[in-house]
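Because the structure is predicted, anything quoted here is derived from the model rather than measured.
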Amino acid sequence: MLEKLMKTDAATRAEWLSCRRQGIGGSDAAVIVGLSRFGSPLRLWADKHGLGGEAQETEVMRQGTDFEEYVARRWAEATGKKVRRRNYMFRNTDYPFAIADVDREVVGENAGLECKTTSVYNKSDFENGEIPPAYYVQCQHYMAVMGYDRMYLAVLVLSRAFYHFVIERDDAEIAALMEQEKGWWETYVEGDSVPGPDGSEEDGAFIRERFPDSDGGEVFLADRAPDFERMQELDAQIRELTSERDTLKQAIMQDMGDAALASALNGWTASWKPQASRRVDSKKLKAEFPQAYADCLIESVSRVFRYKKAD
């Protein structure tokens with residue numbers, strides 16, 4: 001049975017974000033199953049617990065919102081179908097951990113419409129019917145929550161083309177997806193566990209924001225010894241690979257000599273051209289304008305991670 005959590009058309013962004021913390025949304029589902037390019041389990045955990053501050057609306061998010069009505073109209077024009085807004089955040093009592101705020105509902109069908117706006121840099125082959133896995137998971141999530149038989153997907157590739165697809169309900173995939181979402185919710189939201197980071201810059205930034213200072217204390221990480229060993233191995237490999245790459249690069253540069261361009265078999269090309277750049281000569285500035293230099297200094301403090309093995 002569907003429950004209405006909140007009326008979305010009258011809500012502020014802060015209210016909408018707060019309501020989203022009450023469950024797993026469609027875009028969250030792709031994060032949980034590891035198919036999202038724009039989120040991580042750690043960041044999702046932080047959001048559901050209200051940590052890390054309010055998520056700022058990016059330009060991509062703003063364009064997606066602003067173009068939603070246009071995409072919906074294009075889809076209606078292309079298919080001859082009609083759509084309507086629901087203007088509510090919904091929860092299904094069969095899946096109390098899952099929520100849905102669908103873009104549009106299709107009139108006369110038990111179906112919804114998901115509107116997407118993306119850039120020409122999206123590598124999905126929309127022209128040949130390829131649907132990005134994250135979009136597919138999101139649509140199956142909405143069908144689970146809303147009880148739809150199908151979802152329609154409309155995609156505007158900015159300055160290039162408009163595509164639309166039909167995604168039929170797959171009860172087996174929905175069951176598997178809901179099981180994963182349920183486990184994630186019980187483990188990381190209702191439980192005390194915290195997801196591990198994924199190595200992204202975003203996760204690194206979040207960890208630094210969450211723990212900006214140290215208390216001078218010490219902890220014993222009994223189970224992390226293998227991680228330290230692996231980091232040491234990887235650092236050695238990185239140094240070795242970097243040296244090998246730089247050696248190859250220098251050999252090519254030596255062969256190029258005074259030439260600006262080079263080519264090789266199999267379509268490889270290289271360029272080596274002068275490129276102007278500007279920087280402040282800090283030594284000269286300090287010597288000739290010491291007060292200006294002092295006035296422009298910015299002091300910052302951050303925690304620096306280092307590791308070593310005792311002799």
Side-chain angles (χ1 to χ4, degrees), residues 30-31 33-43 56 58-64 67 116-136 155-163 196-209 227-287 293 296-298 300 302-309:
V31 175
V33 299
L35 294 175
S36 174
R37 297 184 296 116
F38 303 106
S40 73
L42 180 59
R43 278 290 190 177
Q56 298 300 309
T58 65
E59 184 62 27
V60 172
M61 294 164 62
R62 174 63 188 269
Q63 289 183 13
F67 279 108
K116 294 291 187 185
T117 299
T118 189
S119 75
V120 294
Y121 299 107
N122 191 315
K123 301 303 182 182
S124 299
D125 189 4
F126 293 111
E127 189 172 351
N128 289 317
E130 181 183 350
I131 298 173
Y135 293 0
Y136 180 83
V155 182
L156 172 67
V157 181
L158 290 171
S159 303
R160 175 170 289 183
F162 176 80
Y163 304 96
D198 63 2
S200 64
E201 291 184 9
E202 290 78 10
D203 276 9
F206 170 70
I207 292 170
R208 289 182 174 87
E209 290 166 7
D227 295 340
F228 282 109
E229 299 287 350
R230 182 58 178 156
M231 280 197 299
Q232 187 178 54
E233 292 175 3
L234 292 172
D235 281 341
Q237 291 178 27
I238 290 170
R239 287 193 295 270
E240 182 180 344
L241 292 171
T242 300
S243 177
E244 181 181 349
R245 181 206 60 192
D246 289 347
T247 299
L248 295 171
K249 179 180 176 180
Q250 291 162 9
I252 293 172
M253 292 166 65
Q254 182 170 263
D255 286 350
M256 288 179 68
D258 296 327
L261 301 173
S263 60
L265 295 175
N266 300 325
W268 288 105
T269 62
S271 66
W272 187 17
K273 302 177 181 179
Q275 181 173 304
S277 63
R278 287 187 172 186
R279 66 178 182 84
V280 174
D281 186 336
S282 58
K283 289 184 178 180
K284 183 177 181 180
L285 177 64
K286 184 178 181 180
Y293 176 83
C296 292
L297 284 178
I298 298 175
S300 63
S302 61
R303 298 178 70 179
V304 178
F305 178 83
R306 297 185 177 94
Y307 74 98
K308 65 179 182 178
K309 190 172 185 178

>> Tell me the closest heavy-atom pair linking Met256 and Ser271, and the distance in Å.
In response: CE-C, 4.2 Å

>> Rounded at 0.5 Å granularity, tell me how far CZ in Arg43 sits from CZ in Phe206.
In response: 6.0 Å

> Under the side chain to side chain contact (heavy atoms under 4.5 Å, CB included) criterion, do Thr242 and Asp246 qualify, and how do the steps go?
Replying inline: CA-CA 6 Å; Thr242 300; Asp246 289 347; 3.7 Å; yes

> Out of curiosity, Lys116 NZ to Phe126 CZ, how far, rounded to the nearest 0.5 Å?
Replying inline: 10.0 Å

> Minimum heavy-atom separation for Met253 to Trp272, with atom names?
Replying inline: O-CZ3, 3.1 Å

>> Run Tyr135 and Thr118 through side chain to side chain contact (heavy atoms under 4.5 Å, CB included) and show every step you take.
In response: CA-CA 12 Å; Tyr135 293 0; Thr118 189; 4.0 Å; yes

> So do the side chains of Ile131 and Ser124 get within less than 4.5 Å of each other, counting heavy atoms only?
Replying inline: no

>> Once rounded to the nearest 0.5 Å, what's the spacing between atom OH of Tyr121 and atom CG of Leu158?
In response: 11.5 Å

> Heavy atoms, side chains only, cut-off 4.5 Å: are Val157 and Asn122 in contact?
Replying inline: no

>> If I take atom SG from residue Cys296 and atom NZ from residue Lys286, how far apart are they, to the nearest 0.5 angstrom?
In response: 13.5 Å

>> Show, in sequence, the C-alpha distance, side-chain angles and deciding distance for Lys309 and Phe228, and conclude whether the side chain to side chain contact (heavy atoms under 4.5 Å, CB included) test is met.
In response: CA-CA 9 Å; Lys309 190 172 185 178; Phe228 282 109; over 6 Å; no

>> Atom CD of residue position Glu127 - does it have more than 12 heavy atoms of other residues, nucleotides or ligands inside 6.0 Å?
In response: no

> What distance do Ile252 atom CD1 and Lys249 atom NZ have between them, rounded to the nearest 0.5 Å?
Replying inline: 10.0 Å

>> Is it true that Asp227 and Tyr307 share a donor-acceptor pair across their side chains at a distance under 3.5 Å?
In response: no

> Do Leu261 and Lys273 come within less than 4.5 Å of each other through their side chains, counting heavy atoms only?
Replying inline: yes

> Would one find more than 12 heavy atoms of other residues, nucleotides or ligands at under 6.0 Å from atom CD of Gln237?
Replying inline: yes

> Is the backbone of Arg239 close enough, under 3.5 Å, to the side chain of Ser243 for a donor and an acceptor to pair up by distance?
Replying inline: no

>> Evaluate Ile207 against Leu42 for side chain to side chain contact (heavy atoms under 4.5 Å, CB included), listing each step before the verdict.
In response: CA-CA 9 Å; Ile207 292 170; Leu42 180 59; 4.1 Å; yes

> Does the Asp203 side chain pair with the main chain of Asp198, one donor and one acceptor, at a distance under 3.5 Å?
Replying inline: yes

> Nearest 0.5 Å, what's the OH-NZ distance between Tyr293 and Lys283?
Replying inline: 10.5 Å

